[in-house]
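This report concerns only the one structure given below.
In what follows, chains are A, B, ... by sequence order, proteins preceding strands, each numbered from 1.
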There are 2 protein chains.
Amino acid sequence: MKLSTKGKYGVRALFEIARQYGQGPLSIKEISERQKISLSYLEQILHRLGKAGIIESVRGPHGGYVLARRPAEVTIGDVVRALEGPIALSHCLEPGFGSECYQADDCVARMVWTKVGEKIEEALDSISFEHLLQQYHGKDRELVPGKKRAVAGKGAC
Amino acid sequence: MKLSTKGKYGVRALFEIARQYGQGPLSIKEISERQKISLSYLEQILHRLGKAGIIESVRGPHGGYVLARRPAEVTIGDVVRALEGPIALSHCLEPGFGSECYQADDCVARMVWTKVGEKIEEALDSISFEHLLQQYHGKDRELVPGKKRAVAGKGAC
DNA sequence: TAATACTTGACAAAATTAGTCAGGTTTGTT
DNA sequence: AACAAACCTGACTAATTTTGTCAAGTATTA
Ligand code: FES
Ligand code: FES
């Protein structure tokens with residue numbers, strides 16, 4: 001039960017874009033540097049978020065990415081669904097699959113994974129980027145000399 | 001966000017053991033046949049469940065596995081934790097890791113994945129095998145001639 | 001004492017994930 | 001018009017994890 005890096009990087013990248021909300025586009029290069037995510041990999045991630053309608057791209061010089069909606073209207077769930085596919089704990093609970101599963105009406109486990117999946121969605125959808133921004137601004141952020149910022153190792157959030 | 005087969009097979013195997021509760025041990029071979037899970041693979045799974053104190057093994061002829069507690073006291077969460085490790089969406093949220101993460105106090109994502117993780121645990125722990133048994137017995141289980149029973153393909157629950 | 005059943009650890013095939021790379025195309029600026 | 005900044009696309013590969021298999025045990029009881 002781990003999140004893939006796509007989901008984690010996606011949230012961090014989108015957080016940077018959300019932070020910029022109302023102040024023009026943020027370039028992919030800038031995001032890559034601030035969050036220490038490989039530029040090429042980030043392209044894939046942002047592209048998916050674009051296709052999902054969460055962000056919009058502005059081309060040309062001084063272009064970049066912009067949030068497509070207000071931060072309060074973008075949830076962690078939107079990002080996770082866009083990057084990790086639908087929340088279906090088992091393959092046969094995915095949207096199109098239901099009808100194919102010939103033992104659906106005799107499957108004890110179905111109820112279990114369905115219910116847990118619903119709870120996960122609930123939790124993911126209850127957190128918006130507005131919440132993240134509020135939390136971020138609420139914190140003490142003095143620049144102590146030796147203090148490091150977001151360096152994403154393998155295990156980082 | 002998928003469950004591994006270990007977790008899914010584990011629940012199905014334990015369901016069979018729970019069904020047998022109070023009627024002596026159920027052999028690994030029997031479970032393997034009823035749920036169509038490879039015997040060798042099942043050994044690994046049951047062994048882990050044993051180490052976690054969820055089941056007990058009875059050796060010798062007519063031996064097998066028995067639930068260590070009443071079905072109502074074994075939850076899906078117990079099984080998932082035993083087979084997939086602690087529910088930590090990100091590596092750095094795992095039990096022993098917290099102190100190592102040097103950016104924990106400056107990590108926006110931490111709150112998100114912690115909260116979602118808690119919700120998942122809540123959902124998993126709210127379902128016991130007693131619930132599964134009740135649901136199972138509540139269903140109409142007539143043996144219609146052509147009807148097939150649990151054949152676990154790759155995508156099955 | 002033979003048969004049944006659990007125990008352990010090593011190993012390999014398959015699938016997935018994570019990330020790179022090499023080209024594009026679009027668009028604002030000069 | 002030309003240039004450069006920035007996004008777009010798809011193919012490709014290395015690393016990791018998952019999913020098992022296999023072999024050689026040890027324990028127990030009919
Ligand atoms: S990276 Fe460790 S708390 Fe987020
Ligand atoms: S196997 Fe399809 S519903 Fe469970």
Side-chain angles (χ1 to χ4, degrees), chain A residues 1-10 12-13 17 20 24-33 35-52 54-66 68 80 83-85 88-91 94 152-156, chain B residues 1-10 12-13 17 20 24-33 35-52 54-66 68 80 83-85 88-91 94 152-156:
Chain A
M1 291 280 267
K2 284 276 183 304
L3 230 58
S4 78
T5 56
K6 275 211 178 69
K8 294 191 281 184
Y9 291 178
R12 300 215 322 255
I17 299 176
Q20 189 81 0
L26 186 62
S27 82
I28 199 171
K29 196 179 162 211
E30 186 68 25
I31 302 173
S32 155
E33 280 165 7
Q35 289 286 340
K36 310 281 184 239
I37 301 171
S38 142
L39 199 143
S40 317
Y41 196 31
L42 198 52
E43 278 179 346
Q44 280 182 38
I45 293 172
L46 293 184
H47 184 240
R48 285 212 209 187
L49 292 177
K51 266 206 310 189
I54 297 171
I55 55 179
E56 274 161 11
S57 64
V58 179
R59 307 180 82 141
H62 303 297
Y65 287 94
V66 178
V80 172
L83 295 172
E84 319 231 345
L89 258 37
S90 173
H91 184 224
E94 282 177 12
K154 289 274 174 183
Chain B
M1 291 278 267
K2 283 275 183 302
L3 229 59
S4 78
T5 56
K6 276 211 178 68
K8 294 191 281 183
Y9 290 178
R12 300 213 326 252
I17 299 176
Q20 191 80 4
L26 186 62
S27 82
I28 197 170
K29 197 179 162 209
E30 186 68 25
I31 301 174
S32 154
E33 280 165 6
Q35 290 285 342
K36 310 279 185 245
I37 300 172
S38 142
L39 199 144
S40 317
Y41 196 30
L42 198 51
E43 277 177 347
Q44 282 182 37
I45 294 171
L46 293 183
H47 183 241
R48 287 212 207 184
L49 293 177
K51 266 207 310 192
I54 297 172
I55 54 178
E56 274 161 10
S57 64
V58 180
R59 307 178 83 140
H62 304 296
Y65 287 95
V66 178
V80 172
L83 295 172
E84 319 231 345
L89 258 36
S90 173
H91 184 224
E94 282 177 13
K154 289 275 172 184

Value in whole Å for how far the P atom of D/dT18 lies from CG of B/L83: 12 Å

D/dG20 phosphate, OP1 or OP2, under 4.0 Å from B/Y9 side-chain N/O: yes

Under 3.5 Å donor-acceptor, A/E84 side chain and A/S4 backbone: yes

Phosphate contact (D/dT19 OP1 or OP2) by B/T5 side-chain N/O below 4.0 Å: yes

Closest listed nucleotide, where the reference is the side chain of A/P61 and the choices are D/dG20, D/dA4, C/dG19: D/dA4

N/O donor-acceptor pair under 3.5 Å between B/K29 side chain and B/L39 backbone: no

Side chain of A/H47 - closest among D/dC7, D/dT9, C/dC6: D/dT9

Side chain of B/Y41 - closest among C/dT26, D/dA6, D/dT21: D/dT21

Selected nucleotide, minimal atom distance to B/S27 side chain, candidates C/dT17, C/dA5, C/dT8: C/dA5

Spacing of B/M1 atom CE relative to C/dT17 atom P, expressed in whole Å: 13 Å

Residue mapping more 5' on DNA chain D - nearest nucleotide basis, A/G60 or B/H62: A/G60

Gap between atoms NZ and P, on B/K8 and D/dT19 respectively (whole Å): 8 Å

Donor-acceptor pair, side chain of B/K2 and main chain of A/A88, under 3.5 angstrom: yes

Below 4.0 Å: OP1/OP2 of D/dC8 and any side-chain N or O of A/S57: yes

Out of D/dT9, C/dC6, D/dC8, whichever nucleotide has its closest atom nearest the side chain of A/Y65: D/dC8

Minimum-distance nucleotide (side-chain atoms of B/R59 versus C/dT8, D/dT28, D/dC7): D/dT28

Side-chain (B/S57) to main-chain (B/Y65) donor-acceptor, under 3.5 angstrom: no

Minimum-distance nucleotide to A/S38 side chain [options: C/dT7, D/dA30, C/dT20]: C/dT20

Integer-rounded Å distance: D/dG25 P and B/E43 CD: 16 Å

Distance in angstrom units between B/E30 CD and C/dT4 C1', rounded: 14 Å

Sugar-phosphate, base or nothing in reach of B/L46, heavy atoms under 4.0 Å: nothing

Rounded distance in Å - CG (B/L39) to C1' (D/dA23): 14 Å

Pairwise distance CG(B/L89) to CD(B/E94) - rounded to 0.5 angstrom: 11.0 Å

Spacing between A/K6 atom NZ and C/dT16 atom P, to the nearest angstrom: 13 Å

Touch class at under 4.0 angstrom, heavy-atom based, for A/S4 against every strand present: sugar-phosphate

Touch class at under 4.0 angstrom, heavy-atom based, for B/G64 against every strand present: sugar-phosphate

From CD1 (B/I28) to CG (B/L42), nearest 0.5 Å: 4.5 Å

Whichever of B/K29 and A/L3 has its nearest DNA chain C nucleotide further upstream toward 5': B/K29

B/Q44 (side chain) and D/dT19 (base): donor-acceptor pair under 3.5 Å: no

Euclidean distance, atom CD of residue A/E56 to atom P of D/dC7 [Å, nearest integer]: 14 Å

